[in-house]
Amino acid sequence: MESISQAMGELNEDKVKELVKKKLAEGVPATQILKECQKGMVEIGKKYEQGTYFVSELMYAGEIMKDITAQLEPMLKGTKESEKTLGKVVLGTVKGDIHDLGKDIVGLMLRGTGFEVIDLGVDGAPEKFVQAIKDSGATIVGMSVFLTAVYDSATATVEAIKKAGLRDKVSIMIGGGPVTDLVRQSTGCDFYGKDAVAGVDYALKVVGAR
Ligand code: B12
């Protein structure tokens with residue numbers, strides 16, 4: 001039987017939706033379903049690299065992923081929304097980068113865990129991050145980076161935070177497609193999260209809740 005990741009990789013929207021529905025009915029957790037979809041996105045990325053898929057296919061994949069995320073959102077949110085917030089997180093995709101699916105999932109899961117998330121959207125200039133930290137008093141910053149060409153933006157954001165005298169007040173995490181722990185080191189961040197779960201784990205550690 002075809003898997004969600006396979007159907008996603010083939011951009012078979014109807015099949016993906018049918019399989020998601022089936023998995024939900026079987027009681028498979030939403031986080032597991034998302035992981036499957038993300039595996040499919042990796043396949044799509046590979047096909048793009050090989051020249052089999054083009055930007056239009058990336059866009060279509062993005063739309064399918066957005067629909068699925070919206071459908072799973074209530075299940076990812078958890079039940080903690082009414083409780084006191086655990087802490088504030090400024091989250092955004094860095095300047096020059098418009099990939100938002102990964103960031104949105106991180107935001108969703110942070111909110112679901114009980115954090116207040118100040119979402120800066122995409123293409124976020126370093127000054128925007130600095131201003132948001134000042135305005136909100138957030139103690140955690142999350143940067144999403146999907147293009148190797150914008151690593152400099154992540155470095156510039158960390159530098160701007162330093163220049164504003166806020167570096168020792170915030171813990172900075174970074175994640176996204178091509179990011180590794182080496183990128184974390186070179187950009188001056190405190191933590192690299194391979195996925196949303198790792199990001200939430202780190203945020204919980206920062207606020208002393210884990
Ligand atoms: C969909 C997609 C697009 C869509 C984005 C839609 C959207 N609304 O986001 C569109 C069509 C817009 C797009 C555009 C481009 N894209 Co694109 N895109 C992708 C693709 C296929 C999937 C990315 C994605 O959303 N995955 C789904 C997410 C949910 O999965 P995930 O990464 O596992 O997410 C987790 C982690 O990353 C982590 N995470 C993410 N952020 C953060 C932050 C923190 C703090 C933490 C802790 C964790 C964390 O948590 C997430 C949830 O668990 C990737 C291929 C890939 N394998 O990544 C290429 C890819 C990222 N794109 C690529 C390219 C080249 C481009 C373009 C330059 C193409 C072009 N020529 O125009 C443009 C760039 C435009 C720009 N200025 O940003 C390349 C980048 C190559 C590189 N190394 O630099 C990739 C890798 C494809 C490839 N293999 O060549 N793209």
Side-chain angles (χ1 to χ4, degrees), residues 4-5 8-11 16 29-70 72-73 76 89-113 115 117-125 129 138 140-154 157-158 170-184 187 189-206:
I4 294 182
S5 60
M8 191 83 187
E10 288 163 0
L11 287 172
V16 172
T31 45
Q32 187 59 41
I33 296 175
L34 264 185
K35 269 202 181 135
E36 273 284 308
C37 293
Q38 285 164 20
K39 257 169 63 188
M41 294 298 262
V42 172
E43 283 313 305
I44 288 161
K46 281 186 192 151
K47 287 184 181 172
Y48 172 80
E49 267 176 4
Q50 290 157 2
T52 319
Y53 281 174
F54 300 95
V55 176
S56 52
E57 274 90 2
L58 292 187
M59 286 170 78
Y60 184 35
E63 289 308 315
I64 301 177
M65 191 74 192
K66 276 220 156 127
D67 282 358
I68 304 287
T69 313
L72 299 178
E73 189 171 348
L76 293 167
V89 185
V90 166
L91 180 69
T93 301
V94 299
K95 190 170 169 59
D97 193 335
I98 61 160
H99 293 84
D100 63 359
L101 297 166
K103 167 188 71 62
D104 287 353
I105 294 173
V106 175
L108 217 63
M109 297 203 49
L110 282 169
R111 282 196 188 98
T113 311
F115 287 91
V117 178
I118 298 101
D119 189 340
L120 304 180
V122 298
D123 192 22
F129 279 86
I140 302 166
V141 174
M143 291 192 287
S144 193
V145 178
F146 273 83
L147 302 171
T148 44
V150 302
Y151 288 164
D152 284 354
S153 297
T157 306
V158 176
V170 290
S171 299
I172 309 178
M173 57 179 174
I174 186 168
V179 177
T180 60
D181 198 57
L182 265 180
V183 177
R184 173 199 66 79
T187 51
C189 296
D190 300 308
F191 178 78
Y192 154 63
K194 71 168 174 33
D195 56 25
V197 174
V200 169
D201 255 14
Y202 176 68
L204 285 170
K205 279 197 189 106
V206 171

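In each ligand, atom 1 is the first atom listed, and ligand 1 is the first ligand listed. Keep in mind that the numbers below use all heavy atoms, side chains included, and drop hydrogens, waters and symmetry copies. Position 1 is the first residue of the sequence; numbering continues from there.
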Taking [atom] as the reference point, the nearest protein heavy atom with its distance:
atom                    : result
atom 34 (O) of ligand 1 : G102 CA, 3.9 Å
atom 39 (N) of ligand 1 : G176 N, 3.5 Å
atom 6 (C) of ligand 1  : L101 CD1, 4.2 Å
atom 21 (C) of ligand 1 : L58 CD2, 3.4 Å
atom 77 (N) of ligand 1 : G96 O, 3.0 Å
atom 64 (C) of ligand 1 : L147 CD2, 3.7 Å

> Considering only heavy atoms, which of D123, V42, L110, I44 lies nearest to atom 57 (N) of ligand 1?
Replying inline: V42
>> Looking at non-hydrogen atoms alone, which of K46, K39, H99, M8 comes nearest to atom 61 (C) of ligand 1?
In response: H99
> Donor-acceptor pair, S153 side chain versus K95 backbone, under 3.5 Å?
Replying inline: yes
> Would you say the side-chain atoms of R184 pair up with the backbone N or O of F191, donor to acceptor, closer than 3.5 Å?
Replying inline: no
>> Test your reading of the structure: does D195 have an N or O sitting under 3.5 Å from an N or O of ligand 1?
In response: no
> How far does CD of E49 sit from NZ of K47, to the nearest 0.5 angstrom?
Replying inline: 13.5 Å
> Are Y48 and Y53 close enough that their ring centers fall under 6.0 Å?
Replying inline: no
